[in-house]
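In what follows, a single structure is set out as structure tokens and then discussed.
Proteins come first, then strands; the chains are lettered A, B, ... in the order of their sequence lines, and each starts at number 1. Computed from heavy atoms alone, side chains included, the values below leave out hydrogens, waters and symmetry copies. Because the structure is a prediction, the values reported are computed rather than measured.
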Amino acid sequence: MAPFTNPTKHSNFRNRTLDEDRKIPSEMPSRDVYSCTKMISSYVNDFRLDDALQLFDETPVRDIVMWNLMINGCVSCGNLEMGLRLFDEMPEKNVVSWTTMVNAFFKYGMIEEAKGLFREMPVRDTAAWNAMVHGLFTNGRVEEATRLFDVMPDRNVISWTTMISGLDQLGRSDEALSIFRKMVGIGMKPTSTTFCSAISSCGKVGDFILGSRIHGQVTKLGYVFDTYVIASLITFYANCKRVEECVKAFNEKLHQNVVVWTSLLTGYGANDKHEDALRVFGDMIRLGIIPNQSSFTSALNSSREMEAHDWGKGIHGAAIKLGLETDAFVGNALVVLYSECGNIRDGVLSFKEITSKNIVSWNAIIVGCAQHGRGEWAISFFSQMAKTGINPDEITFTGLLNSCSHSGLLKKGRHFFECLQQHTTIEVKLEHYACMVDILCRSGKLEEAEDLVNSMPMEANLSIWLALLSGCRSQSNLEAAERAAKNIFDKDPHCAAAYVLLSNMYAFAGRWTDVARVRMSMKRAGTIKQPGRSWVTQKGSCHSFIASDKSHPLSEKIYEKVEWLRERLRENGYASDQRFALHDVEEEQKEAQLWHHSERLAICFALITGAEGSSITVMKNLRTCEDCHSAIKLIAKIVQREIIVRDSSRFHHFRDGFCSCGDYW
DNA sequence: TTAGGGTTAG
């Protein structure tokens with residue numbers, strides 16, 4: 001070890017490792033309290049509590065600063081008990097010691113203990129009062145915090161800022177802004193911290209005028225280069241849908257701060273500019289700014305919005321390298337990304353990686369399984385969730401009921417609905433009724449479904465009546481369908497889905513006069529049927545098709561593939577179900593029409609462009625027709641590829657001549 | 001220039 005001329009006074013600890021430093025005090029004849037305190041502080045910052053405590057124990061002379069630091073160190077390293085023991089043992093306590101302990105209790109959610117300690121304090125300064133107000137806010141006690149602020153003897157700028165940020169963070173940004181106005185009114189000068197919270201509030205309530213005015217003020221005061229202020233400004237402009245202003249605020253200087261970058265990334269996402277968001281994410285990585293949990297969450301959400309499965313997978317890889325895939329926010333985003341991009345297997349794997357699963361994680365996986373018709377998986381996840389002690393909420397039940405509907409689980413569906421109504425305090429909402437109606441309809445219990453709609457405690461909405469109407473279609477019950485349709489048209493005379501369902505039902509029954517009548521009323525109502533559209537996303541580009549579409553650059557090859565498949569299917573004895581063509585045309589034309597449905601064009605596009613043997617994912621805006629459903633089962637078998645189709649309500653996994661929905665959708 | 005109180009993205 002290098003000799004020291006005067007290690008006590010002049011040792012320079014910079015450029016040394018903690019362990020090198022560690023040797024110094026024990027070799028010194030009399031330890032300097034100041035340097036030991038500094039060392040303890042370093043250990044604590046590195047979460048090396050044992051080393052900190054050892055040094056603390058070995059130090060013969062300990063002043064109150066060291067005691068206070070050690071208490072705080074125990075608490076911030078997660079050992080409240082030790083902190084409390086030191087607090088009890090310390091020979092003399094000052095106001096800082098008491099405040100440190102009050103904060104410790106709040107940190108662990110021990111509100112009553114914190115309040116008790118505050119009452120016992122022999123002396124309370126403004127910082128102690130501020131700690132109380134802040135602690136109450138962070139534990140959700142808005143009213144108590146406000147009351148305390150009202151009665152505290154002195155208020156400084158920190159007291160006011162605590163109020164503003166506390167209210168803002170608990171969703172009461174309008175009240176936060178009135179406190180801000182009051183503060184300015186009495187002549188109290190806000191600091192950059194105050195401005196941050198006020199700007200955040202402006203964004204949440206959409207007060208563009210006040211936010212811009214504050215922006216002017218912070219510029220004048222020279223706070224505009226403060227990273228906190230910049231990040232708040234970017235988010236404020238994003239919330240106000242002023243993306244250009246976000247970019248302007250960001251471009252004020254070259255940033256190295258991850259939060260500022262993430263604000264921009266998230267801001268783009270919040271304004272549906274997902275490509276820009278992902279570009280920002282790429283720039284961050286190129287510039288060596290290490291993305292954190294939030295950056296990953298936003299980037300994954302943007303990938304999901306773009307249905308860019310391959311990009312999402314790349315971002316997932318980057319998250320794994322940083323060990324962030326186990327984080328709940330990142331993990332939840334991954335589960336939703338994968339399941340919405342048709343890849344429920346990776347959704348489940350990502351879910352399993354999450355270390356601390358929260359209600360959002362459980363809901364994400366249950367809803368994901370529901371969308372993919374994996375009812376049994378969803379129910380099994382639900383039982384696992386119950387074992388962890390996390391209580392289900394209304395989303396969990398929507399997911400469960402949807403699972404039962406998409407997997408045809410009538411008994412389980414009834415059980416969960418009854419459970420929701422009788423054994424929870426969760427409010428039964430319209431969507432729960434819609435799911436139950438769906439379950440009953442799809443199990444052939446049309447009458448019971450109608451009874452349920454008629455006996456509901458609230459008025460049925462459009463989607464409930466539509467669920468019933470769809471049920472009537474699959475049961476071919478025209479009479480009940482007409483009743484449901486009447487209720488729909490009473491509410492919305494423009495409902496395209498209802499016109500289409502009804503007219504298809506008449507066409508099915510060969511009642512062409514009624515078909516014409518429905519089409520006529522649809523025309524009179526000025527309603528236009530939404531055209532069926534299917535698309536495939538590759539490397540962030542969306543290739544979209546409508547029926548008989550010839551606009552794609554690869555159109556010629558796509559139609560060649562269509563003909564090729566048509567021939568292969570015919571060889572396999574496939575006969576198309578021409579009831580789905582639904583037009584008064586020659587038989588041959590009807591078949592050709594079916595072959596030019598958008599999903600078949602999209603599948604052929606994916607077949608000629610995707611890698612050999614890889615699975616194909618197609619998204620569709622409407623429900624897949626039954627003929628396409630049968631055809632795709634065979635196509636999957638012939639080309640030996642998995643074909644995943646997401647229609648308007650769920651995912652279908654076609655493989656080897658079968659569909660995961662079991663022809664039940 | 002070693003202890004307690006307020007801030008940014010999701």
Can you confirm whether or not the ring centre of [X] sits under 6.0 Å from the ring centre of [Y]?
X       : Y       : answer
F118(A) : W98(A)  : no
H215(A) : Y237(A) : yes
H274(A) : Y268(A) : no
F296(A) : F329(A) : no

Checking all strands, does [X] fall into the base, sugar-phosphate, or nothing category for heavy-atom contacts under 4.0 angstrom?
X       : answer
S263(A) : sugar-phosphate
D63(A)  : nothing
T191(A) : base
T194(A) : base
N257(A) : nothing
S232(A) : sugar-phosphate
V95(A)  : base
N292(A) : base

Taking atom [atom2] of [N] as reference, at what distance in whole Å does atom [atom1] of [X] sit?
X       : N       : atom1 : atom2 : value
W160(A) : dG6(B)  : CH2   : P     : 18 Å
R155(A) : dG5(B)  : CZ    : C1'   : 15 Å
F195(A) : dT7(B)  : CZ    : P     : 16 Å
L148(A) : dG5(B)  : CG    : C1'   : 13 Å
Y268(A) : dG10(B) : OH    : P     : 15 Å
F106(A) : dG4(B)  : CZ    : C1'   : 14 Å
N156(A) : dG4(B)  : CG    : P     : 16 Å
I214(A) : dT8(B)  : CD1   : C1'   : 15 Å

Nearest to the side chain of [X], heavy atoms from C-beta on, is which of [options]?
X       : options                 : result
Y34(A)  : dA9(B), dT7(B), dT1(B)  : dT1(B)
V96(A)  : dG4(B), dT1(B), dG6(B)  : dG4(B)
S298(A) : dG10(B), dA9(B), dG6(B) : dG10(B)
N72(A)  : dG5(B), dT7(B), dA3(B)  : dA3(B)
T262(A) : dT8(B), dG6(B), dA9(B)  : dA9(B)
A127(A) : dG6(B), dT7(B), dG4(B)  : dG4(B)

Are [X] and [N] close enough that a side-chain N or O sits under 4.0 Å from OP1 or OP2?
X       : N      : answer
T100(A) : dA3(B) : no
Q169(A) : dT8(B) : yes
N103(A) : dG4(B) : no
H134(A) : dG5(B) : no

Taking everything shown except E89(A) itself, do over 12 heavy atoms lie less than 6.0 Å from its CD?
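Yes, because the 6.0 Å sphere around CD of E89(A) holds more than 12 heavy atoms from other groups.
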Checking side-chain polar atoms at under 3.5 Å, does N68(A) have a donor or acceptor matched by the opposite partner on T100(A)?
no
